[in-house]
Structure formats: structure tokens, C-alpha cells
> 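The structure that follows is given in the form of C-alpha cells.
Side chains included, hydrogens not; waters and symmetry mates left out as well; all remaining heavy atoms used. Letters go in sequence order (proteins before strands), and every chain restarts at 1. Just so you know, these numbers come straight off a predicted model, no measurement behind them.
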Amino acid sequence: MDFASLGAAIIFAMLINNVILMQFLGICPFLGVSKRTSSAIGMSGAVLFVMVIASMAAYLIYYYILVPYNIEYLQIIVFILVIASLVQLVEMVLKKFSKPLYKSLGIYLPLITTNCAILGVAQGNIISDFPSTMSVGAGFVLASVTALGTGLGFGLIMFAFSSIREKLESSNVPESWKGVPISLVVAGLMSIAFIGLVGIV
Amino acid sequence: MKIIRKTSPYLRRPNANATRMMRDVTVALLPVIGLAIYKYQMAAVMIIGVSILGMMATEYIFYQVQDMLNGDKFKLKNKNYSLYNFSTITSALIYSLTLPDGTPWFVVLVGAIAGMFFGKLIFGGLGQNIFNPAAVGRAFIVVAYGTFMTFSVDTVAGSTALGVLNDNPFSADLLSNFALIDLFTGIGIPGSIGEISAIAILIGGLYLTFRTSFEVRIPLTYILTVFGLATVVAIYKDLGIWYPVFHVLSGGLLFGAVFMATDPVTSPITKPSRIYFGFALGVLTFFIRVFGGLPEGVLFSILIMNMFVPTFDYFKWSNSRFTKKSMFIFTIIILLTILLTLVGVYYVG
């Protein structure tokens, strides 16, 4: 475990195996909250926070509670519980300190609970092959770094996509393609572009 | 109220308009086309012809159908139809010149239709698109019909220059198969029909520079970045000056830098942003070539950076001149990139 492999893990999770464009997870906030750049940034911040904390908690709970008692089959329920309580925490903090952001996120904030990207990262950290080959401590560091990279990649693509959508709003798109259809086409083209990065790292 | 915002290309000088710019790009492509037809004969004529016909027919049918849906009367000529300002022909020529010579006609046609339709028309036509139409078409067929796009390779080399580079990125054997002078003139090496000859592309680039129809910062930064990073690797690996020159001359780097990255619609508005844009293109291209699974990174790096153009133009940090702070951040990013390259090369071996 050295810094280079941690950096490689961040770059891999952020760009090459991007959570939105390559794994197709977290599409719901990707399409739902990307109309305004400011709300996209807020959403990415909330997702990043929940993702990192939830992955760390999920990893520790899995190896120190579920594995010793042989109840690994409960992992999905337990992880969702952890994520839901964290989302409640974020919601309370946002409601207290940033009312406009809370309003603009709207229904999508509680929906982070069911955001498959977060559960996907927490689950992926456990089912991928690295925990079996290294100690729990090293695996924990790698899991939290992967979650950090995934959250940053989510934020990067959210921001780029929301600025594209703001530009598209003022352009002369044909009537039948306005709004969501053109956004889906843009998302597909972005996904094609990211195929070019496959194989780095 | 319906507002139609005028997007780039902006009118900067009285004689600078979209028609003049696009006509200049078409003229600048003539030496490349001439060389492609001289070298590949009927294959090149077929590819160029099919892509021009495909793109123009797509645009024509699209606007006729749109008029029909709007209930307008049928007219043979349509003012939306951008044949008259050369932009469709330019896109079609750029798209066709990036194709390998062994591409079958239906693959060329599918790419032309997809590039025109998904890359340009559904965004609202000229000046509104996010992605370069030529790059969209090319990427579409790379993903969908990758196995059909074959090079008619010579028996000596057995592969294109970048194919060899991708298999073994730091070997001095590269020069034994591909002499630098061949890469410069484009005679006797396999490759995409318009990308093989550095000298024809440079003539076109110089013409565009003298006609000021062209943003010279982007290709300069792009090529210099690839050259600089390759120089760093060459010094580290003790390879000699031929290594960066090889990187610049081989593949579609010059063609992409001069003709694709400089598309005024899909590049940033401010001058510093254009320099950052070129730098990011160079870094992505070099990383995909040396570390990535694909042999060539120019096309995908252009698409990826097109996606971030609205981010570069975001009002909070887009600035029309260099400030001390932006210079400082840019210098740190350059140093970090060099560090990242060295770490990567150290681990790749």
C-alpha cells in the first residue's frame, strides 16, 4: 500500500470507471438535479459526503459485525440503514444552514437514500477482489479512497453536464428534442467519449 | 417570447463570418485531400464522396421534414440548409479524412449520418452543437464497427505507427519500422487517409493562420504539450530527441489539432481558456496513447474536452485575460501533470 496505488485508485474511480458514464449508476440525480449548476454542485457535495462516510461505515460494519456473526447476507439491509441515517443527518444540516440549497434539491435530497451510486460503491468495495488479498486496515483505506474518487467523479460529470444543459437551454433545439431528450443524447455522447479512457491505470 | 441567442463563431471583423471561415478550412484541406487521393486512389474518393453525400442528404432531409411538420410549403432551397456556408462540407471532409482506407462504404455512411444527426442537427444546427460533428461520427463507428475499420498495412511494418507504439511504448525499435522523414511526408506508411502526411496538414494550418480564420493558440498549445510530455519521458527513459518528434508526427495529432480542435463552435470563448483547453487535450492524448488501451487518443480527447467547454466558459472563473492567480494555478497543474506522467511511466516500465 503506497501513495501511487492510492492515487491510481482515485483516478480509476473518478475518470476511467466513472460512476455515471461507465457504470450507469446514480442516473436519477444526474438527470433530475442537473438543470441548474448551483444545485448540481450542492447535490454533488451531499453525495460525496454521504458516499465517503457510508462506505467507511459499511466497510467497518461488514468486517467487524457481519463477518464474525456469519450474517453477511444482511449486508444490503444494513448498508441501506447506514445510508438512510446519514442522509437524515445531511438533510438536517442543510435545512439549518442553507435553506435555498435545501429548497432547490427538493425531493432529490431524501432520494440520496436510494441513490444506487452510494449503495453501489459500498457494495462494490466489499465484493471486489482487493479486500481478500489485504488486511482489513489497508482495505479500509482503499475503500474510503475509492469512495472519495467516485464522489469526485460524480461531481465532475454533474458539473459538466449541468453547464452543458444551461447552455442548451438558450440554444435553438428542435421542439421535439427539447428538455430531457436532448439531455439523454448528450449523456450518451459523453459516455461514448469516456470509452476512450478505458485501459489507463 | 422566443430568444435566439447567437452563439460562436462571433463576428469580430467585418470580413470574418462563418462562410469565409468554413470556406478557408475547406481550402486548407485541399492539400490533404490531394495527397489522400494520390495515395489511396479509389478508396479515398469513395470514402470522401460517401461521407459528403451522407452528411448533406441527412441535413437536407432533416430540414425538409422539419418544414413539413411546421406546415410550411415545400421549397427546394431551405435557408437553414448550411450547404451554402460550407460548414457541412467541412464537417464531412474532416470526418472522412480521419477514416482508415479500408473502411467499407456502409460504415462510412452510418458514421456520417450519426455524426450529422446526433452531433449537429438535433442541437439546432450550425453554431449550437456541443460536440464536434466529425468527431461524433468517427467515435460512433469506432464503438459500433471497430472491426470493420482496417488499414491496408504494408507487409514491412504490419501495423500503423501508433499501433506499434501502443504495444511497446518506450522501445527504440519504433524507428526501424517508421523513419521520421516518412512520417513527415506521409509516403509509404499506413494510416488514416488524411492523417498520414504532416507536411500537407502544416501547409493547411499555415494558410489558416495567415487568413486568421483559425484560433492558433489551441493547436500550438496542444502540439507543444504532447511534445513537452514526450520530451520528459524521453529524458527519463534516455531515448533521444526522436521520441517526442515521433509522437507529434504519428497518428492524427496534427490533423486533430489543426482541423478538429479548432472548431470555433466547440472550443472555449476566452483566450486563456483556449490555452487551458489545448493543454488538457495534449495531456489526455498523451495519456491515452502511452497508458491507455486504444492506440490513438486524439479523437476521444477532443470529444471529452468538448464536453468540458461549457465548464471552461463558466462565468465564475472564465476570464478574458491571464491573472496572477490563474497563472499560478496553471503552473502548479503543469508540474503535477509532469509528476503524474513520470509516476505512470515508472510503473508501466
Side-chain angles (χ1 to χ4, degrees), chain A residues 2-8 10-12 15-16 18 20-22 34 36-38 40-41 153 155-201, chain B residues 2-5 7 62 65-66 69-70 80 114 117-119 121-131 135-136 139-140 142-144 166 284-285 287-288 290-294 296-316 339-340 343-344 346-347:
Chain A
D2 49 2
F3 281 110
S5 61
L6 289 183
I10 285 195
I11 292 175
F12 181 74
L15 295 173
I16 288 100
N18 188 284
I20 296 173
L21 298 181
M22 280 289 144
S34 56
R36 287 273 157 271
T37 315
S38 50
I41 294 174
L156 183 75
I157 298 305
M158 277 292 275
F159 184 76
F161 190 61
S162 61
S163 50
I164 289 179
R165 276 185 83 165
E166 281 193 351
K167 190 179 170 188
L168 281 179
E169 219 157 74
S170 56
S171 68
N172 193 14
V173 179
E175 197 60 45
S176 48
W177 290 92
K178 273 211 174 94
V180 178
I182 191 80
S183 315
L184 287 170
V185 170
V186 171
L189 291 178
M190 285 164 87
S191 199
I192 288 184
F194 261 64
I195 288 176
L197 292 178
V198 168
I200 304 179
V201 176
Chain B
K2 189 173 180 198
I3 299 173
I4 297 180
R5 193 189 61 163
T7 46
F62 181 86
V65 169
Q66 204 182 32
L69 293 180
N70 289 343
N80 289 323
F117 186 69
F118 290 115
L121 290 176
I122 63 170
F123 289 98
L126 178 65
Q128 324 254 350
N129 44 329
I130 305 288
F131 298 94
V136 169
F140 191 85
V142 167
V143 174
N166 194 41
L284 273 178
T285 304
F287 279 19
I288 294 176
V290 176
F291 306 126
L294 293 166
E296 177 58 304
V298 171
L299 170 80
F300 284 103
S301 54
I302 287 173
L303 271 182
I304 290 173
M305 289 324 292
N306 279 345
M307 173 167 120
F308 289 106
V309 163
T311 311
F312 279 115
D313 287 340
Y314 189 55
F315 65 94
K316 275 194 180 147
L339 188 75
L340 200 66
V343 171
Y346 175 75
Y347 276 91

> So what's closer than 4.5 Å to chain A heavy atoms on B:L121: side chain, backbone, both or neither?
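Contact with chain A: backbone only.
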
> With only heavy atoms counted, which part of B:Y314 is less than 4.5 Å from chain A, the side chain, the backbone, both or neither?
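It is the side chain, since no backbone atom gets that close.
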
> May I ask you to decide if the ring planes of A:W177 and B:F117 are parallel, tilted or perpendicular, using 30° and 60° as cut-offs?
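Ring orientation, 0 to 90° scale: perpendicular.
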
> Using a cut-off of under 4.5 Å on heavy-atom pairs, state which of A:I157, A:L156, A:V198, A:L189 scores highest against chain B.
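Heavy-atom pairs under 4.5 Å are most numerous for A:L189.
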
> With a 4.5 angstrom heavy-atom cut-off, is it the side chain or the backbone of B:L69 that approaches chain A, or both, or neither?
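No part of it gets close to chain A.
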
> Say you draw a straight line from CD1 of A:I20 to CE of A:M190; how long is it, rounded to the nearest 0.5 Å?
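Here the interatomic distance stands at 7.5 Å.
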
> Counting only non-hydrogen atoms closer than 4.5 Å, does B:I130 touch chain A with its backbone (N, CA, C, O), its side chain (CB onward), both, or neither?
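Just its side chain gets close to chain A.
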
> When rounded to the nearest 0.5 angstrom, what distance separates CG in A:L15 from CZ in B:F287?
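If I round to the nearest 0.5 Å, the distance is 10.5 Å.
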
> Among B:I304, B:L303, B:L299, who wins on heavy-atom pairs under 4.5 Å with chain A?
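Of B:I304, B:L303, B:L299, B:I304 has the most heavy-atom pairs under 4.5 Å with chain A.
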
> Can you tell me how far the CG atom of B:D313 sits from the CZ atom of B:F308, to the nearest 0.5 Å?
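If I round to the nearest 0.5 Å, the distance is 13.5 Å.
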
> Closest heavy-atom contact between A:I192 and B:F300?
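Looking at all heavy atoms of both residues, the shortest contact is O-CE2, 3.4 Å.
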
> Tell me, side chain or backbone of A:I164 under 4.5 Å from chain B's heavy atoms, or both, or neither?
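When you check distances to chain B, atoms from both the backbone and side chain of A:I164 fall under 4.5 Å.
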
> Give a yes or no on whether the backbone of A:L21 and the side-chain of A:S191 come within a donor-acceptor separation of less than 3.5 Å.
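Confirmed, A:S191 side chain pairs with A:L21 backbone.
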
> Which region of B:F131, side chain (C-beta onward) or backbone (N, CA, C, O), has a non-hydrogen atom less than 4.5 Å from a non-hydrogen atom of chain A, or is it both or neither?
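The answer is the side chain of B:F131.
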
